[in-house]
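Throughout, residue positions are numbered sequentially from 1 according to the sequence presented. Everything quoted here is computed from the prediction, not taken from an experiment. Values below: every heavy atom of this structure, side chains too, minus hydrogens, waters and symmetry copies.
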Amino acid sequence: MSQDLPASIPAALFYERADAIADAARELAQQGWTPATSSNFSMRVDNDHAAITISGRDKGKLGRDDIMLVDMHGKAVGTGSRPSAETELHTQVYRRWPEVNVVLHTHSRTQSVASRLFAADGIIRLQGWELQKAIRGHTTHESVLDIPVFPNTQHMPELVAQVDAWIESGKPLHAYLINGHGIYTWGHDMAEARRHLEALEFLLGCELDLKRLNA
């Protein structure tokens, strides 16, 4: 493994995170949510570092050697490998919420279509669905869960600024879509992040069905 870890990070800790990321990525790839090497996944290692998928790797075939270390500004640490171009979106979440330890980003067909369909509105409002209770902080179907849809850009600081603006406006944020792209969501641990991702995939599919039926 071409990863030179800082002395403050035990190898066993990094390997544990790398294995968890690789396992989750392979399972999500089997569902068809990571086509053509797309998507990226990360886990916090400590206050200053995160483990993240290396750019361009097949997410259905990941192992330890496909995971690298970055600092909280998205810069590679102890390796010449290149992290995902969207690493700054992961580290932004970790800087914003110290209690978050996992960030997942996928490109399912449902997520991608929903991002295009609702792009003009800039938001998908989920309301009245029982499965909203799968999202941390939501205890009833009577709650409102807003998922913003941000315009796509290859300039990561612009995307980071859009997310920052949403948060700084005081609006809750549990996930977001990028137009023509996919979804970002997160959790306190892998189980919670996976629950959020799977619930949102289901809810977005329901909203698309309603659009078709009401057309």
Are there over 12 heavy-atom neighbours, none belonging to Arg96, within less than 6.0 Å of that residue's CZ? yes
Start with the C-alpha gap between Leu200 and Leu126, add the side-chain angles, then the distance that decides, and say whether side chain to side chain contact (heavy atoms under 4.5 Å, CB included) holds. CA-CA 10 Å; Leu200 291 167; Leu126 301 170; 4.1 Å; yes
Non-hydrogen atoms of Thr153 and Glu158 that approach each other most closely: OG1-OE1, 3.6 Å
Judged by atom type as modelled, is there a donor-acceptor pair below 3.5 Å linking the side chain of Arg64 to the main-chain atoms of Ala18? no
Salt bridge (Lys or Arg N to Asp or Glu O under 4.0 Å) partners for Glu142, two or more places apart: none
How close do Gly74 and Pro83 get, heavy atom to heavy atom, and via which atoms? O-CG, 4.0 Å
Should Val77 and His49 count as side-chain neighbours, where that means a heavy-atom distance under 4.5 Å? yes
Please determine whether side chain to side chain contact (heavy atoms under 4.5 Å, CB included) holds for the pair Trp33 and Leu104, giving the CA-CA distance in whole Å, both sets of side-chain angles, and the decisive distance to 0.1 Å. CA-CA 11 Å; Trp33 295 1; Leu104 303 177; over 6 Å; no
Any side-chain heavy atom of Trp129 within less than 4.5 Å of one from Glu207? yes
If you round to the nearest 0.5 Å, how far is CD1 of Ile135 from CD of Glu192? 8.5 Å
Closest non-hydrogen atoms of Asn179 and Ser115, given as atom of the first, atom of the second and distance, are OD1-O, 3.3 Å
Just how far is it from atom OG1 of Thr110 to atom CG of Leu117, taken to the nearest 0.5 Å? 12.0 Å
Tyr176 and Trp166, any side-chain heavy atoms less than 4.5 Å apart: no
Any Tyr94 side-chain heavy atom under 4.5 Å of Asn47 side chain: no
Distance, nearest 0.5 Å, that separates CG of Leu62 from OG1 of Thr34: 8.0 Å
Ile147 and Leu173: same hydrophobic cluster, using ILVMFWY side-chain contacts below 4.5 Å? no
Drop me the distance from Met68's CE to Ser81's OG, to the nearest 0.5 angstrom. 5.5 Å
Report the relative orientation of the aromatic rings in His196 and His174; use parallel for angles under 30°, tilted for 30 to 60°, perpendicular for over 60°. perpendicular
Indicate, with yes or no, if Leu131 and Val144 share a hydrophobic cluster defined by side-chain heavy-atom contacts under 4.5 Å among Ile, Leu, Val, Met, Phe, Trp and Tyr. no
Gap separating the CD atom of Glu201 from the CZ atom of Arg109, nearest 0.5 angstrom: 11.5 Å
Applying side chain to side chain contact (heavy atoms under 4.5 Å, CB included) to Ile183 and Thr106, what does each step give before you reach the verdict? CA-CA 6 Å; Ile183 197 168; Thr106 53; 3.6 Å; yes
Answer with yes or no whether the hydrophobic clustering places Phe202 together with Leu145; edges join I, L, V, M, F, W, Y residues whose side-chain heavy atoms lie under 4.5 Å apart. yes
According to a 4.5 Å side-chain heavy-atom criterion applied to Ile, Leu, Val, Met, Phe, Trp and Tyr, with indirect links allowed, do Val93 and Met190 form part of one hydrophobic cluster? no
His90-His105 aromatic ring centre distance below 6.0 Å: no
Heavy atoms only: give me the nearest His73-Thr91 pair and the separation to one decimal. C-OG1, 4.1 Å
Do the side chains of Phe41 and Met43 join up, straight or via other hydrophobic residues, at under 4.5 Å, putting them in one cluster? yes
Does a side-chain heavy-atom distance below 4.5 Å link Met72 with Arg44? yes
Applying side chain to side chain contact (heavy atoms under 4.5 Å, CB included) to Ile124 and Leu203, what does each step give before you reach the verdict? CA-CA 10 Å; Ile124 301 175; Leu203 292 168; over 6 Å; no
Any donor and acceptor pair, going by atom type alone, linking the side chain of Glu88 with main-chain N or O of Met156 inside 3.5 Å? no
Return yes if some donor-acceptor pair links the side-chain N/O of Asp23 with the main-chain N/O of Ala20 below 3.5 Å, else return no. no
Do Asp46 and Ser8 have side chains that get closer than 4.5 Å, going by heavy atoms? yes
Do Phe118 and Lys211 come close enough that some side-chain heavy atom pair is under 4.5 Å? yes
Does the side chain of Ser108 reach to within under 4.5 Å of the side chain of Gln31, using non-hydrogen atoms? no
Taking all atoms of both residues into account, what is the closest heavy-atom pair of Leu204 and Ala114, and its distance? CD2-CB, 4.3 Å
So, Thr185 side chain and Leu197 main chain: donor-acceptor pair closer than 3.5 Å or not? no
Rounded to the nearest 0.5 Å, how far apart are OG1 of Thr53 and CG of Asp58? 12.0 Å
Which pair of heavy atoms, one from Asn101 and one from Glu99, lies closest together, and at what distance? ND2-O, 3.3 Å
Walk me through whether Tyr184 and Glu86 qualify under side-chain hydrogen bond (donor to acceptor under 3.5 Å, both in side chains). CA-CA 11 Å; Tyr184 273 85; Glu86 297 156 18; 2.7 Å; yes
Sub-3.5 Å donor-acceptor pair from the side chain of Lys59 to the main-chain atoms of Arg57, do we have one? yes
Heavy-atom neighbours of Arg95 CZ exceed 12 at 6.0 Å: yes
